[in-house]
Amino acid sequence: MLTTLPLITDPFFYAVAIPAVLLLGVSKSGFGAGFGSLAVPLMALAVTVPQAAAILMPVLLVMDLLGMAAFRQHVDRALLKFLLPCGLAGIAMGALLFRVLDAKVVAGVVGGVTLLFLAQRLLFPPKADSPPPPKWLGALLTATSGFTSFIAHAGGPPINAYVIPLRLSPVLFTGTMAFFFFFINLSKWVPYAWLGLLDGRNMATSLALLPFAPIGVWVGVRIAHRISPVLFYRLVYTGMFLTGCKLLWDAWR
């Protein structure tokens, strides 16, 4: 059936798209959070950033549903209630500015913010009794997450910069982020259609990639339930570091 659809047939595209989908799936489980932001830059080696973002839309929907099902009992509802309006405001801004913003500029901003956050955490590590970040900073970072999520599905690093210092357990962190990004990604469908990105070729290509979505989520979920908090956040930082470097590279090359 897939052979009759107008999907992308370039082998190089699938050589980068399949690893991108697997990385996205692992990040959706919470294990390796931050690595998911590498998905669009990886796929952009073969297609444009807007096309890569559009192709991933159905894949993200399936992953979000799987993630919510796996962590439905581990959600910080009060935190989610605070985060969602800010994230949706960022989505609205991304939709309005999508046609005029250069994707490289967005990549550079996200990469820079990510690396600055990591530098701050390493140079000035928080103490056990450190207060949580202020709400105004959380609102700003979450709105930035919604904005960069709309442009390039790169919403992980900005919101991680706010939520990680809250010191949630790995499963609570993962569950809250799963629900947050479900609503954020769901809100993209109408503006993506309005921008003409959800065409037949992109959707057919997404259908071909869908079987790989649950594999990454399954691997990540199994590991997330067995990993220690210390190792968990070290891997999060590693993913954010690699993401920040890759996004800065994309901005300047």
Side-chain angles (χ1 to χ4, degrees), residues 23-37 60-88 90 113-114 117-118 120-122 125-146 148-149 153-187 213-214 216-241 243:
L23 273 177
L24 199 58
V26 170
S27 74
K28 283 294 179 182
S29 70
F31 176 75
F35 287 103
S37 297
L60 283 169
L61 178 61
V62 171
M63 289 180 175
D64 288 335
L65 291 172
L66 291 171
M68 287 196 304
F71 294 95
R72 61 187 178 277
Q73 296 179 347
H74 305 281
V75 182
D76 187 326
R77 297 185 184 277
L79 177 60
L80 188 63
K81 186 177 180 180
F82 168 70
L83 296 175
L84 276 176
C86 304
L88 292 174
V113 169
T114 300
F117 166 73
L118 288 175
Q120 183 267 332
R121 298 289 289 182
L122 292 173
K127 300 178 181 178
D129 57 350
S130 298
K135 286 288 186 73
W136 67 264
L137 180 59
L140 178 61
L141 288 171
T142 306
T144 303
S145 174
T148 55
S149 179
H153 300 319
I159 198 167
N160 284 349
Y162 174 64
V163 178
I164 286 175
L166 300 180
R167 302 186 190 90
L168 304 178
S169 68
V171 290
L172 192 59
F173 173 94
T174 301
T176 304
M177 291 298 94
F179 276 78
F180 172 77
F181 278 110
F182 167 74
F183 289 109
I184 289 298
N185 290 327
L186 192 64
S187 72
V217 175
W218 179 81
V219 170
V221 166
R222 288 185 64 85
I223 297 175
H225 280 290
R226 294 165 173 79
I227 194 170
S228 72
V230 173
L231 180 57
F232 176 85
Y233 283 109
R234 283 178 181 172
L235 289 167
V236 170
Y237 290 148
T238 301
M240 293 178 69
F241 173 74
T243 299

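You'll find the side chain of T176 stays beyond 4.5 Å of the side chain of V163, heavy atoms only. F181 places none of its side-chain heavy atoms less than 4.5 Å from the side chain of M68. Between I159 and M177 the shortest side-chain heavy-atom distance falls below 4.5 Å. Using a 4.5 Å cut-off on side-chain heavy atoms (C-beta onward), P133 and L166 make contact. Here the side chains of M63 and L66 are not in contact, with every heavy-atom distance at 4.5 Å or above.
Taking every heavy atom of both residues into account, Y162 and L79 meet most closely at CE2-CD1, 4.1 Å. Taking each heavy atom of G175 and V75 in turn, the nearest pair found is O-CG2, 4.1 Å. Residues F182 and L61 approach most closely at CE1-CD1, 4.1 Å, considering heavy atoms. Contact record, P158 with T148: CG-OG1, 3.9 Å, taken as the closest heavy-atom pair.
Atom CZ of F179 sits about 11.0 Å away from atom CG of L84, to the nearest 0.5 Å. In this structure, the separation between CZ on F173 and CZ on F71 is 11.0 Å, given to the nearest 0.5 Å.
Between the T142 side chain and the A139 main chain, no donor and acceptor come within less than 3.5 Å of each other.
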